[in-house]
2 protein chains.
Amino acid sequence: MITLSEENYLKAILSINLETKNIVSTNEIAGVLNTSPASVSEMIKKLEEKNLVNYEKYKGVSLSKSGEKLALEILRKHRLWETFLVNKLEFSWSEVHDVAEQLEHVKSKKLTNKLDHFLNYPKFDPHGEPIPSKNGIISPTKRVLLSEVPIKTKGIIMGVSTDESEFLDYLTQLNFKIGSKIKILDIILFDKSMKIQIGDKIEQISEEVTNNIHIKIIE
Amino acid sequence: MITLSEENYLKAILSINLETKNIVSTNEIAGVLNTSPASVSEMIKKLEEKNLVNYEKYKGVSLSKSGEKLALEILRKHRLWETFLVNKLEFSWSEVHDVAEQLEHVKSKKLTNKLDHFLNYPKFDPHGEPIPSKNGIISPTKRVLLSEVPIKTKGIIMGVSTDESEFLDYLTQLNFKIGSKIKILDIILFDKSMKIQIGDKIEQISEEVTNNIHIKIIE
DNA sequence: AATTATATTTAGGCATCCCTAAATAAATGT
DNA sequence: ACATTTATTTAGGGATGCCTAAATATAATT
Ligand SMILES: [Mn+2]
Ligand SMILES: [Mn+2]
Ligand SMILES: [Mn+2]
Ligand SMILES: [Mn+2]
């Protein structure tokens with residue numbers, strides 16, 4: 001049996017790896033889970049015992065085949081539940097993360113798959129993140145970070161890479177939504193902030209913000 | 001903060017009390033939660049510390065006002081989730097208990113109330129048990145145990161008092177459902193088993209079964 | 001290459017929740 | 001009333017998961 005804590009560690013390792021594509025460090029995990037690096041070292045050893053991760057002291061961690069399978073299941077549940085909360089229960093996209101953080105640990109294959117069916121097999125969660133399929137496949141998307149495209153680029157907002165409610169509420173306030181069409185009018189060299197056209201309004205947003213928005217380039 | 005284990009203890013105390021109307025004994029709790037009486041004694045002391053129960057050594061436990069409030073919230077969530085699983089996700093009534101046992105611990109007032117709304121404010125769960133309201137009120141129902149009514153009684157099945165899947169599957173097989181109309185044709189004195197008319201069929205059921213079925217008497 | 005700074009692991013401890021065995025209180029039978 | 005059975009609590013201990021402080025390995029600087 002796998003415990004709730006172990007599940008959170010596996011998911012954290014997966015998320016970090018999906019972002020950085022690298023072996024995952026103890027410190028990174030501690031950062032994500034808000035625990036001490038010492039606790040992480042301890043837990044990693046337990047996960048290694050269970051063959052859920054590959055681990056070499058001082059070198060970092062990666063998920064084993066079975067560890068990755070479990071992590072993908074949890075991520076799938078997290079994103080399905082977020083979709084449920086927004087699409088069926090009228091939550092806003094900034095309110096769902098903490099609740100999904102709890103719901104993702106409910107153990108019932110049948111529940112997950114029935115939920116998937118009930119939601120009509122969604123491909124993306126309310127933040128534009130892809131939902132792993134029943135077989136653990138994450139459909140690859142060709143999206144780029146808004147912070148990395150040049151001036152005059154036109155694009156469609158496809159997703160965000162953090163669930164922090166302050167961030168999401170700010171986007172809502174700016175009227176930035178999944179699917180919104182935007183154009184980069186200017187990039188300030190000094191702080192890399194951007195002047196963005198959205199609808200008939202123009203907004204100035206910082207690099208901290210552009211760094212967390214994924215777009216699909218059009219035209 | 002209240003832990004998952006503490007929640008399960010509170011709910012167990014409430015359920016036992018709702019059935020027996022008495023002070024609750026250590027042994028009864030241990031029975032329901034499948035733990036040792038020693039563990040129960042320990043936990044009760046902790047709950048007393050937190051003013052969630054009233055307790056006198058060797059005399060038994062009862063819920064305090066705040067303990068009862070919490071317990072009712074958990075019971076409310078349990079029954080709302082069971083209703084969700086049956087009404088929206090097409091689970092059968094015999095499959096939902098274990099999943100609801102997990103879902104009931106998800107902490108979000110907003111989720112509970114949105115779910116209630118989404119389900120159209122149901123009054124009873126799939127087993128016919130009343131769902132406590134937002135304010136913790138259980139609507140009183142005038143139902144009787146099938147095992148306690150005399151011969152020739154006609155009634156409608158209103159609920160069951162156990163969620164065990166073997167029992168529920170057996171009822172389904174007999175075509176006994178919430179709302180079914182039945183008539184007691186005969187009561188065998190020797191073992192108190194009953195011959196029951198349901199639709200145009202006649203079924204013989206044991207006292208163990210009639211003891212777990214609630215009916216409303218008609219005519 | 002040696003020194004310093006940073007990352008990681010180990011040591012020792014604490015809280016929670018569970019257990020079995022032993023002690024004690026309450027209930028029951030004679 | 002006394003002895004026995006049953007219910008409950010206490011004692012002692014194990015597993016999990018977290019922490020801080022200390023030790024050690026690795027990376028960065030000079
Ligand atoms: Mn989680
Ligand atoms: Mn998310
Ligand atoms: Mn439970
Ligand atoms: Mn139930």
Side-chain angles (χ1 to χ4, degrees), chain A residues 1-14 16-17 19-63 67 70-71 74 98 101-102 104-105 107, chain B residues 1-13 16-17 19-20 22-63 67 70-71 74 101-102 104-107:
Chain A
M1 256 306 292
I2 186 168
T3 69
L4 188 143
S5 260
E6 287 169 346
E7 291 195 344
N8 281 334
Y9 275 92
L10 291 179
K11 191 174 66 125
I13 297 167
L14 177 64
I16 296 167
N17 178 257
E19 262 198 49
T20 67
K21 300 291 170 196
N22 284 327
I23 290 262
V24 176
S25 80
T26 315
N27 254 8
E28 286 173 309
I29 299 172
V32 168
L33 294 181
N34 244 294
T35 56
S36 70
S39 301
V40 176
S41 284
E42 240 179 20
M43 179 60 97
I44 295 298
K45 264 186 268 171
K46 239 175 297 173
L47 294 174
E48 152 128 278
E49 275 306 305
K50 296 190 177 184
N51 286 310
L52 297 172
V53 300
N54 306 115
Y55 173 52
E56 258 190 279
K57 261 196 207 170
Y58 293 101
K59 296 285 172 58
V61 200
S62 63
L63 293 171
L70 283 173
I74 302 158
D98 293 346
E101 205 57 45
Q102 300 177 63
E104 72 190 1
H105 299 289
K107 281 164 196 63
Chain B
M1 255 306 291
I2 187 168
T3 68
L4 188 142
S5 260
E6 287 169 346
E7 291 196 342
N8 282 334
Y9 275 91
L10 292 178
K11 191 174 65 127
I13 296 168
I16 295 167
N17 178 257
E19 262 198 49
T20 67
N22 284 325
I23 290 263
V24 176
S25 80
T26 315
N27 253 8
E28 286 172 310
I29 299 172
V32 168
L33 294 181
N34 244 296
T35 55
S36 70
S39 301
V40 176
S41 284
E42 237 180 24
M43 179 60 97
I44 295 297
K45 265 187 268 171
K46 238 176 296 171
L47 293 174
E48 151 127 279
E49 276 305 306
K50 297 191 177 184
N51 286 311
L52 297 171
V53 300
N54 306 115
Y55 173 53
E56 257 190 278
K57 260 196 207 170
Y58 294 101
K59 297 283 173 60
V61 201
S62 63
L63 292 171
L70 284 174
I74 302 158
E101 206 56 46
Q102 301 176 63
E104 72 190 3
H105 299 289
V106 174
K107 280 163 197 64

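Here B:Asn27 reaches the OP1 or OP2 of D:dT8: one of its side-chain N or O atoms lies under 4.0 Å away. Residue A:Lys57 has no polar side-chain atom (N or O) positioned under 4.0 Å from OP1 or OP2 of D:dT24. Under 4.0 angstrom from either OP1 or OP2 of D:dA7 there lies no side-chain N or O belonging to B:Lys59.
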Query raised in the report: Yes or no on side-chain contact (heavy atoms from CB on, under 4.5 Å) for A:Val40 and A:Leu33, after CA distance, side-chain angles and deciding distance?
Result: CA-CA 9 Å; A:Val40 176; A:Leu33 294 181; 5.8 Å; no
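With a 3.5 Å limit on both pairing distances and Watson-Crick or G-U wobble geometry required, the stems of 3 or more pairs in DNA chain D span C:1-30 with D:1-30.
Separating the CG atom of B:Asn8 from the P atom of C:dC18 is a distance of 9 Å, rounded to the nearest angstrom. Distance, B:Ile29 CD1 to D:dA7 P: 15 Å, rounded to whole Å. Between B:Glu56 atom CD and D:dT8 atom C1' there is a gap of 14 Å when expressed in whole angstrom units. Atom OH in B:Tyr58 sits roughly 8 Å away from atom C1' in D:dT10 (whole-Å rounding). Residue A:Ile44 contributes atom CD1, which lies 8 Å from atom P of C:dT9 at whole-angstrom precision. Summarising the geometry, the separation between OH on A:Tyr55 and C1' on C:dT9 is reported as 7 Å, rounded to the nearest angstrom.
Salt bridge status for A:Lys57 with A:Glu48: absent, with no side-chain N to carboxylate O gap under 4.0 Å.
Side-chain atoms of A:Leu63 and A:Leu14, non-hydrogen and from C-beta on, do get closer than 4.5 Å to each other.
Nucleic acid contact for A:Thr26: sugar-phosphate only, since backbone atoms but no base atoms lie under 4.0 Å from a heavy atom of the residue. Within the nucleic acid shown, B:Lys45 comes within 4.0 Å of sugar-phosphate atoms alone, with no base atom in reach, counting heavy atoms only.
Evaluated for a side-chain contact (heavy atoms from CB on, under 4.5 Å) with A:Leu47, the options A:Ile2, A:Val61, A:Leu52 yield exactly one hit, A:Leu52.
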Query raised in the report: Base, backbone or nothing for each nucleotide of nucleotides 15-20 of chain D, written B, S, -, heavy atoms under 4.0 angstrom, 5' to 3'?
Result: -SSBBB
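Atom CE of residue B:Met43 and atom OG1 of residue B:Thr3 lie 5.0 Å apart, to the nearest 0.5 angstrom. Rounding to the nearest 0.5 Å gives a distance of 8.0 Å between CE of A:Met1 and NZ of A:Lys50.
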